[in-house]
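Only one structure is covered here, and it is reproduced in the block below.
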Amino acid sequence: MAACRALVSRAVLPLHYHHVCRGVMLTHIREKKRWMKAYTLIMERKRKMEGPPPPKPRSQQPNFDYHAEVEAFSARLQESFSLELLKTAFVNVCYLRSEEERRRALGLDLETTTLNLKDNGELCVHGQQFTKAFLSDWCRGSFPSLPQEGVAAIVGHLTGSEVMCHVARNLAVEDLTMSAEFPVPDEILQGTFFAVIGALEQSSGSVRAGLFIRDFLVTQLIVKDLFDMWKVVDPMGLLVKELTCKGIALPEPRLIRSAGASTVLPLYFVGLYSDRKLLAQGPGETVLAAEEEAARVALRKLYGFTENRRPWDYTAPHEQLQKPSAQALTSE
Amino acid sequence: MGCLLPQSPHCWQWATFARSWFLIDARMQPPGKIASMCSVRLQGKHKPIYHPLSDIGDHVVVMNTRHIAFSGNKWEQKVYSSHTGYPGSFKQLTAAQMHKKDPTAIIKLAVYGMLPKNLTRRTMMQRLHLFPDDVLPEDILKNLTEELPQPREIPRKLSEYTQEERNAFPMLWTPPEDYRMK
């Protein structure tokens, strides 16, 4: 027993010990097999030549029951999905096409073996519209002074393929999607996730679906900076526009601090003053870069997207969602 | 309300790791106190991101080193010794003699002795700039960030007090009119 444990704890097992599975180790101890070394070395060389094996979808790995997995999916998210809608949401058009191709290739008669599956096109469109509307409302509610382009940029970022695929992969939507290729391409995965949201909305109502989007998509905004999502080319011009709309005096840039001006690594702090009061200050490598950064800081302060803003309260009940204007008044 | 500090990661990093240039006026200051302030800033110990291996010390420019003020009798009693290793080359100089020979040497040796005794010390000494008077070259003047407050409050000479302040000073006893002060 102790010898086994010592062998298991070694990084590489010696030649005649094989892990069959986690609890079982096979040992060829009775006599040393003369073919074992040659075989092991050839398999290693083959593995090195071919590289790692291609990824296999979860449905083709052992111990997979689709119906049970779909039920587990809905239980895990603590949502009551209608299972037919959910199963429809996971079926993509490309899958249906590839299935029909395969059946035709196998020579099966199309009339007797029609696929009774509907694809997730409508659910996808429905879910996408609902998600975008909900996210726009949420943005406008929590950042009332953010202009339309900013809201559109944030919503676009959150419904973009990167964020949605990241969330979908971690919620195991990729394992349940039925698509033609594996690994599932980003657009198809994004479409499937939208379809899941659409299915949720049709099964449990828009309130539950809204809470789902809040808990899984809005949380992806944490630690994100506004200008990472919204590319603004001229922050100073935008700031001047905002201040003229509000009727505040125009900003005047002033150099606050500088360090190492004649060295290779200078630092300048530029502050923007409107009516002799400090709006914001920002650092930069050159005076112009510092001024631009100061304008960005001022914009972040104006739109309420600073790092030290009050974080969104995810524990609050759903009445908050129905009254976005009231929430905007109470939040900072 | 809102945060006035920069938030995008690139600017944070640039501003946090930038090297500042401090100016200290050593007129009428004890060189030891000046040297300890310099050594703290040369090592980077005044920053919360300090680490001995990080090389985040700042530059320090000391001006008016010719006008430093030792307390007590140190100008005559403090001795700087050196030996090159060859026989007969043991030199001992009092602080006054050393200061006459090189007005920046006292502060330089003091800072050198206060820095950590490892290979980073020489780099830190390269970042220390000493000037005997308050004439600074233009490129150093351009680089300066901040002037540090002087460690010692300079006491005023009697000639710097106005007649009103001298009269207002409380006297222990009023001497008679024909009393002669030596």
Side-chain angles (χ1 to χ4, degrees), chain A residues 143 145 223-232 235 251 255-273 277-311 331-332, chain B residues 1-24 37-38 40-50 54-63 123-129 131 135-149:
Chain A
F143 306 109
S145 40
V223 183
K224 270 226 118 39
D225 182 37
L226 177 62
F227 295 110
D228 287 343
M229 301 182 284
W230 181 20
K231 303 284 174 219
V232 166
L255 188 67
I256 294 181
R257 286 172 170 267
S258 74
S262 63
T263 57
V264 213
L265 306 167
L267 172 72
Y268 299 95
F269 265 88
V270 165
L272 292 176
Y273 290 84
K277 268 186 291 222
L278 184 66
L279 268 185
Q281 59 170 339
E285 246 181 273
T286 58
V287 186
L288 292 170
E291 198 187 317
E292 197 197 307
E293 183 57 31
R296 280 182 201 269
V297 173
L299 281 173
R300 278 189 205 112
K301 207 179 122 200
L302 273 177
Y303 298 146
F305 217 99
T306 55
E307 247 192 46
N308 63 352
R309 64 181 183 269
R310 195 174 198 83
S331 74
E332 261 194 14
Chain B
M1 302 306 144
C3 190
L4 291 179
L5 291 173
Q7 275 157 38
S8 78
H10 173 73
C11 295
W12 276 334
Q13 202 171 9
W14 189 264
T16 311
F17 290 96
R19 237 184 270 284
S20 328
W21 286 65
F22 292 105
L23 178 66
I24 302 180
M37 282 168 68
C38 291
V40 160
R41 278 155 188 87
L42 287 169
Q43 290 174 70
K45 282 199 155 176
H46 60 298
K47 297 182 177 174
I49 46 163
Y50 169 75
S54 299
D55 191 22
I56 27 131
D58 292 331
H59 291 255
V60 180
V61 176
V62 186
M63 63 182 194
T123 328
M124 291 175 201
M125 286 304 285
Q126 283 188 326
R127 296 197 180 120
L128 175 69
H129 311 271
F131 297 96
V135 174
L136 299 176
E138 214 186 286
D139 40 357
I140 291 195
L141 273 177
K142 270 198 284 194
N143 289 343
L144 292 173
T145 318
E146 195 184 339
E147 181 168 0
L148 300 175

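Sequence lines set the chain letters: A, B, ... in the order given, protein chains first and strands last, and positions in each chain run from 1. Computation of the quantities below employed the complete heavy-atom set of this structure, encompassing side-chain atoms and omitting hydrogens, waters and symmetry-equivalent molecules. In this text the structure is predicted, and so the values were computed from the model without any measurement.
Rounded to the nearest 0.5 angstrom, R296(A) CZ and C11(B) SG are separated by 8.5 Å. Atom OG1 of T16(B) and atom CG of L267(A) lie 9.5 Å apart (nearest 0.5 Å).
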Practice task
Start with the C-alpha distance between L265(A) and R19(B), add both sets of side-chain angles, then the distance that settles side chain to side chain contact (heavy atoms under 4.5 Å, CB included), and finish with yes or no.
Solution key: CA-CA 8 Å; L265(A) 306 167; R19(B) 237 184 270 284; 5.7 Å; no

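Here the side chain of N143(B) pairs a donor or acceptor atom with the backbone of S262(A) at under 3.5 angstrom. Looking at W21(B), its side chain never comes within 3.5 Å of a backbone N or O of S258(A) through a donor-acceptor pair.
Contacts between E138(B) and chain A at a heavy-atom distance below 4.5 Å are absent for every atom of the residue.
Residues meeting the ring pair (Phe, Tyr, Trp, His ring centres under 6.0 Å) test with F22(B), sequence neighbours left out: H46(B).
Closest approach of A15(B) to F269(A), counting heavy atoms only: CB-CZ, 4.1 Å.
Crowding of R127(B) atom CZ: a count of heavy atoms from other residues, nucleotides or ligands under 6.0 Å exceeding 12.
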